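See below for the structure under consideration.
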Amino acid sequence: MTEAMEGSMATSTPSPAAPKDEGFLLHLRREPFEYGLLPISKIIFSDGSATLALLKEKLVQRSSPRIDAEAISETLQISVDNARLVVDTLASVLPSDPREDASAGADVNDLILFLYIQSYKRLVPRSHKDAVSVADVWPSTSAFDGCLSALSPLQLVRSNSRRFMPSQADEEAHQLSYLQKHMANILALLAEPVEGEDDESLILTLERFERLGFLIQFSGKGSEVIPLSQAAPFFANSDPDMPAVPVSASQVHDWLLQHIASALEHTAEKGSAKDSAKENGPSPTHSFDPDVTMVDACASQSRGPNSSPSSATSIQSNAAYSRSQTFVEGFSKTSVIKQSSDIKGCSVKVINCHDSAIYILEPLKYATVYGCSDATIVLGAIGKSVRVEHCERVQVITAAKRLCIANCRECVFFLGVNQRPLILGDNHKLQVAPYNTFYSQLEEHMTQVGVDATVNRWNEPLALGMVDPHDSLSHPAGVSDVQAESATSLDPDQFTNFLIPNWIGGDSPESTKHNPFPLPETYLASQSKKHLIVNDIKQELRDVQLEENRKRELACALHAHFRDWLYASGNIRQLYCLQGD
């Protein structure tokens, strides 16, 4: 049936042209490709839709319209733990409320689409155009480089591309091209045969068509999101009180290919405009970018015309390449505080920040930390997923539904997470610890995005494969079966609370006054011990009998040692940044 439909679609597909209804623009949903790919070999199918069509037949024969982890485990022949991971990951990338209960299982059609895109291959990170500025920020070698396999993804990124992600335009074009190539298979898996006719006559109901919202969405001229049923001419005028008439799958395929071609054209035009703007160079006070809708004013004012490239900063919300997404990129040796007035949309990416403190104190759905080193990154409440990738010596503090760590080394994660932290790829010396901070709006933000403070699975990391089958690299035989190095729990004696100054202003009666995640007993005991030691030292200083001039000398000595520590640790920069705010 599937092959017949593909052949039918291939013969009926017109040459790509601009859609007649040009008022709508197709946008790819990036979340399934960025947060939804899992390195589990048994859920990756390389034969198009053939195997998935058989799996779907098995799944729909069950009495419930939703499939639980046990049924997925049995059908896919994977462990129950991995099946639960599939259900949780799928729930995290659906275009729905993050508080939807994943324990009820997954819809069959959503699951099939999720399994299909596991065949996607990511772009290899590209080299940065300004190698001099990159070398100024990133060390060329690491003490651990020799410990890693020659073809490890992390070393390839370090040596060839210096941790720079593919551009948003390149990634979106790559993903759109994937959909363009595979749309026939995807529609075949969603479509139904017409009763009494041959297998080539496949139709899509409105309900099945709307499942494509997992992968795509449409916007109108005012950039507002348009429901799929309203964007499609064959469903737009359906009577809401009557069942919509099913449509030929071939007709839907032709219409979607036209819109995907238009979206690819639009992406290429925006990419060219952005590259042209960069080549022309920024003016002394502003950098022109046709896709930037929000630029950090403070950063612009603090940079003079003689600033070095390595200290350049950019914060932007890029509506053309990825809707509702904010970028915090390229900060070096500074502190950055971002709250509601600075954040556009429901997703943030912290990219290539070095030796800095980054605070994103907002309720968001998604967050990515990529290519950072020697930094502290505090993320507010994240309702769907956090991904940390290609980072070194970074501390990440977050309250989130779920977390994925890939290809990192010597990082510490202070976590309040409702699901098991997922660890993928080539990692080294990772540590996890319970959540260790708060800010005045934290509990309010957690409630908004559905993060539960009574559930914290920080110490239950789940390590999968060392090699990511979704990258475009070749790997030695047998390496794909090696499990990723997991994380160890931070020694309670090394655990400290992290203080976030109250930049927002005065507290309200409902504001958060303490860490909402209960600490384990061992960490509480260690904290109590430290408090007692500090109190004893304070008391000894009070009780010491010294003349007034000797007291002044002691105070000066303490201040001098504290100042030396501030400079040696780099924390003096945070004080200067806070003073400037």
Side-chain angles (χ1 to χ4, degrees), residues 30-38 85 88-94 98-99 102 165 322 324-329 336 338 343 345-353 357-372 375-392 394-408 411-425 427 430-437 439 442 445-446 448-453 455-464 468 484 487 498 500 516-517:
R30 300 173 60 87
E31 292 84 0
F33 298 97
E34 293 185 354
Y35 301 94
L37 302 179
L38 295 173
L85 178 62
D88 289 340
T89 305
L90 170 57
S92 74
V93 294
L94 284 172
R99 284 163 285 191
M165 301 177 76
S322 186
S324 302
Q325 191 165 209
T326 298
F327 291 81
V328 179
E329 183 172 7
V336 183
K338 294 298 139 192
I343 301 295
C346 56
S347 176
V348 67
K349 287 188 175 180
V350 181
I351 305 172
N352 302 325
C353 292
I358 312 292
Y359 301 86
I360 312 291
L361 306 181
E362 273 299 293
L364 299 166
K365 288 184 179 180
Y366 299 98
T368 292
V369 179
Y370 187 99
C372 298
T376 297
I377 299 167
V378 185
L379 302 172
I382 311 297
K384 287 207 169 188
S385 188
V386 176
R387 184 176 178 90
V388 182
E389 189 171 6
H390 294 304
C391 291
E392 295 183 4
V394 166
Q395 291 189 49
V396 177
I397 304 172
T398 185
K401 180 75 76 176
R402 70 197 312 268
L403 170 80
C404 177
I405 305 165
N407 303 316
C408 294
C411 296
V412 185
F413 299 86
F414 295 90
L415 304 174
V417 287
N418 295 163
Q419 297 175 16
R420 297 178 67 182
L422 183 61
I423 299 180
L424 315 173
N427 301 284
L430 303 183
Q431 292 182 295
V432 290
Y435 194 70
N436 67 340
T437 192
Y439 58 95
L442 175 59
H445 290 171
M446 289 170 59
Q448 288 179 32
V449 299
V451 176
D452 185 357
V455 178
N456 192 359
R457 306 185 70 179
W458 66 273
N459 59 342
E460 303 175 44
L462 174 61
L464 293 184
D468 186 354
F498 186 87
I500 300 176
F517 291 92

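A quick note: this is a predicted structure, and the numbers were derived from the prediction, not measured.
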Among all residues two or more places apart in sequence or in another chain, which pass the side chain to side chain contact (heavy atoms under 4.5 Å, CB included) test with A367? V348, L379, I382, V386
Side-chain donor/acceptor of T437 to backbone N/O of F498, under 3.5 Å: yes
Which atoms form the tightest heavy-atom contact between N418 and G450, and what is the distance? OD1-O, 4.0 Å
Not counting sequence neighbours, which residues clear side chain to side chain contact (heavy atoms under 4.5 Å, CB included) with R457? List them please. R420, V455, E460
Close side-chain approach of L85 to L464, heavy-atom, < 4.5 Å: yes
With rounding to the nearest 0.5 angstrom, report the CD to OG1 distance, Q395 to T376. 4.5 Å
Nearest 0.5 angstrom please: E389 CD to I405 CD1, how far? 11.5 Å
Separation of L364 CG from S385 OG (nearest 0.5 Å): 12.5 Å
Heavy atoms of C404 and L424 approach each other most closely as SG-CD1, 3.5 Å
Looking at residues at least two apart in the chain, or sitting in another chain, which of them share a ring pair (Phe, Tyr, Trp, His ring centres under 6.0 Å) with Y366? Y35
Atom of H445, atom of L361 and distance for their closest heavy-atom approach: CE1-O, 3.5 Å
Where is the tightest heavy-atom contact between C353 and A375, given as atom of each residue plus distance? O-CB, 4.3 Å
Is there a side-chain contact (heavy atoms from CB on, under 4.5 Å) between R387 and E34? Walk through the geometry before answering. CA-CA 9 Å; R387 184 176 178 90; E34 293 185 354; 5.9 Å; no
According to side chain to side chain contact (heavy atoms under 4.5 Å, CB included), who are the partners of N456, at least two apart in sequence or on a separate chain? V417, W458, F517
Among all residues two or more places apart in sequence or in another chain, which pass the side chain to side chain donor-acceptor pair (under 3.5 Å) test with T89? R402
Can you measure from NZ (K365) to CD (E31) and round to the nearest 0.5 angstrom? 8.0 Å
Could you tell me if the side chain of V388 sits less than 4.5 Å from the side chain of C411, heavy atoms only? no
For L442 against A399, the heavy-atom pair lying closest together: CD1-CB, 4.4 Å
Main-chain N/O of C408 paired to N427 side chain as donor or acceptor, under 3.5 Å: yes
Supply the atom-to-atom distance E362 CD to K338 NZ, rounded to the nearest 0.5 angstrom. 11.5 Å
Main-chain N/O of V449 paired with K384 side-chain donor or acceptor, under 3.5 Å: no
Minimum heavy-atom separation for T398 and G380, please, with both atom names. OG1-O, 3.6 Å
Do P516 and M446 have side chains that get closer than 4.5 Å, going by heavy atoms? yes
Taking N407 for its side chain and G425 for its backbone only, find out whether a donor-acceptor pair lies under 3.5 Å. no
What orientation do Y370 and H390 show, parallel under 30°, tilted 30 to 60°, or perpendicular over 60°? perpendicular
Could you tell me which residues satisfy ring pair (Phe, Tyr, Trp, His ring centres under 6.0 Å) with F413, sequence neighbours excluded, listed by chain and number? none
Any chance you could measure I358, atom CD1, to I397, atom CD1, to the nearest 0.5 Å? 12.5 Å
